Structures are given as structure tokens and as C-alpha cells.
Novice: 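A single structure is presented below for examination.
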Amino acid sequence: MPAEESFYQKIYEVVRRIPEGKVTSYGAIAEFLGRKGSARMVGYAMNNSHNQLVPVPAHRVVNRNGLLTGKHHFNPPELMAQLLENEGVTVIDDKVQDFNQVFWNPK
DNA sequence: TTGCTGACCGACG
DNA sequence: CCGTCGGCCAGCA
């Protein structure tokens, strides 16, 4: 049996599954991992995403409102919205437009 | 082991 | 509309 993966690894794995032009929410990932209500863990894991050897598209993860709450952790902060728009996701005032249409549920 | 932190969410007034 | 609080729990000093 393979070595047991940390929750962080599982989170990163889910985030990598997000297709281009799609986004998901912290709560959705937390719920998918069976830790519904602990969306904080997802965000906290994202903070460590830079520590991963494999790139993690953290810019595709937004909060429940479709707001780019984690943009301040990017360098530069505008990069998050720019990456999303580069993939076809419209971002206005740090908020994802047509959120229900670009929302991707892990499964 | 204990205590603190946090890129969230929902409820309350 | 706005601020505040509780809950959730892995990681770290």
C-alpha cells in the first residue's frame, strides 16, 4: 500500500484536477475531503502550496462568494485575477463573474 | 504536550 | 449593511 498522504497532499491533488477556465471554493474542497466546515484547512494548505514541487493552481480556488480572498498571497496580488482571465474567467473587482457557470465541483 | 494560527463559512444582532 | 463570534482542525514552535 502506498504511503499515507497528508490532507495537504489530498487538497493539492484536488486543486490540480481543476480544469482551465474553472474555479472551485474552499468549502467544496473541504466537503469533498470529508472535512466540511473546516474550509480553513484548505486555505491554510494553500499557504503552503508554494512548498510543493508540483505547481498548484491556487488561483483557481476562491471563496464561497466567488471572491478572490487569497489574492494578497500572490506575487503580485493582481496575478491571481490575471491568471483567471487568461484562462477565460472574467474577474471584476476581485470577484469571479458567472460563478455558478465556471464553478467546478470535485468528484 | 500545549497554545496559537489561519487564502473559510454560517449565524446573530 | 456591518461587525462580531463560534466552529472546524492540521501544522508548527
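Order of the sequence lines sets the chain letters (A, B, ...), proteins ahead of strands, with each chain counted from 1. Keep in mind the model is a prediction, meaning the values are calculated, not measured.
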Novice: When we call it a touch if two heavy atoms are under 4.0 Å apart, what does A:N63 touch: a base, just sugar-phosphate, or nothing?
Specialist: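 Answer is sugar-phosphate: A:N63 comes under 4.0 Å of backbone atoms only.
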Novice: So, A:K22 and A:E87, do they make that salt bridge, N to O below 4.0 Å?
Specialist: no
Novice: Using whole Å, report how far OH of A:Y44 lies from P of C:dC8.
Specialist: 19 Å
Novice: In whole angstroms, how far is the P atom of C:dA10 from the CE atom of A:M46?
Specialist: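 After rounding, the gap between these two atoms is 16 Å.
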Novice: What nucleotide among B:dT5, B:dA7, C:dC9 has an atom nearest to a side-chain atom of A:S38?
Specialist: C:dC9
Novice: Give the rounded distance in Å between these two atoms: CZ of A:F7 and P of B:dC8.
Specialist: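 It is 19 Å, rounded to the nearest whole Å.
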Novice: Atom CD of A:E31 and atom C1' of B:dC8: how far apart are they, to the nearest Å?
Specialist: 13 Å
Novice: Let's see if you can work this out: which of B:dA7, B:dC9, C:dC9 has an atom nearest to the side-chain heavy atoms of A:R35?
Specialist: C:dC9
Novice: Of all the choices, B:dC9, C:dA10, B:dA7, which nucleotide is nearest to the side chain of A:A39 once you look at every atom?
Specialist: B:dC9
Novice: Mind checking if A:A58 touches a base, just sugar-phosphate, or nothing, with heavy atoms under 4.0 Å?
Specialist: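 Touches a base.
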Novice: Any N or O donor-acceptor pair linking the side chain of A:R40 to the base of C:dG7 at under 3.5 Å?
Specialist: yes
Novice: Looking at every strand, decide which applies to A:Y8 at a 4.0 Å heavy-atom threshold: base, sugar-phosphate, or nothing.
Specialist: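 Contact class for A:Y8: sugar-phosphate only.
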Novice: Sort out for me which residue in A:E31, A:M46, A:R64 forms a side-chain contact (heavy atoms from CB on, under 4.5 Å) with A:Y26.
Specialist: A:M46
Novice: If you find the nucleotide of DNA chain B closest to A:M41 and the one closest to A:G27, which residue's nucleotide is nearer the 5' end?
Specialist: A:M41
Novice: Check whether A:F74 forms a cation-pi arrangement with A:K71 (NZ or CZ under 6.0 Å from the six-membered ring centre, at most 45° off the ring normal).
Specialist: no
Novice: Where is the tightest heavy-atom contact between A:A45 and A:I11, given as atom of each residue plus distance?
Specialist: CB-CD1, 3.6 Å
Novice: Rounded to whole angstrom units, what separation is found between the CG atom of A:N65 and the P atom of C:dC1?
Specialist: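 Distance, rounded to whole Å: 12 Å.
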Novice: Measure CG/A:L67 against C1'/B:dC9 and give the value in whole Å, please.
Specialist: 14 Å
Novice: With a 4.0 Å cut-off on heavy atoms, is A:Y26 in touch with a base, just the backbone sugar-phosphate, or nothing at all?
Specialist: base
Novice: Choose from B:dA7, C:dC8, B:dC9 the nucleotide whose nearest atom is closest to any side-chain atom of A:R64.
Specialist: B:dC9
Novice: Rounding to an integer number of Å, can you tell me how far A:I18 CD1 sits from B:dA7 P?
Specialist: 18 Å
Novice: Where do A:H59 and A:Q82 land on the side-chain contact (heavy atoms from CB on, under 4.5 Å) test, with the steps shown first?
Specialist: CA-CA 9 Å; A:H59 61 276; A:Q82 188 169 359; over 6 Å; no
Novice: Which whole-number value in Å describes the distance from A:K10 NZ to C:dG11 P?
Specialist: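 Answer to the nearest Å: 11 Å.
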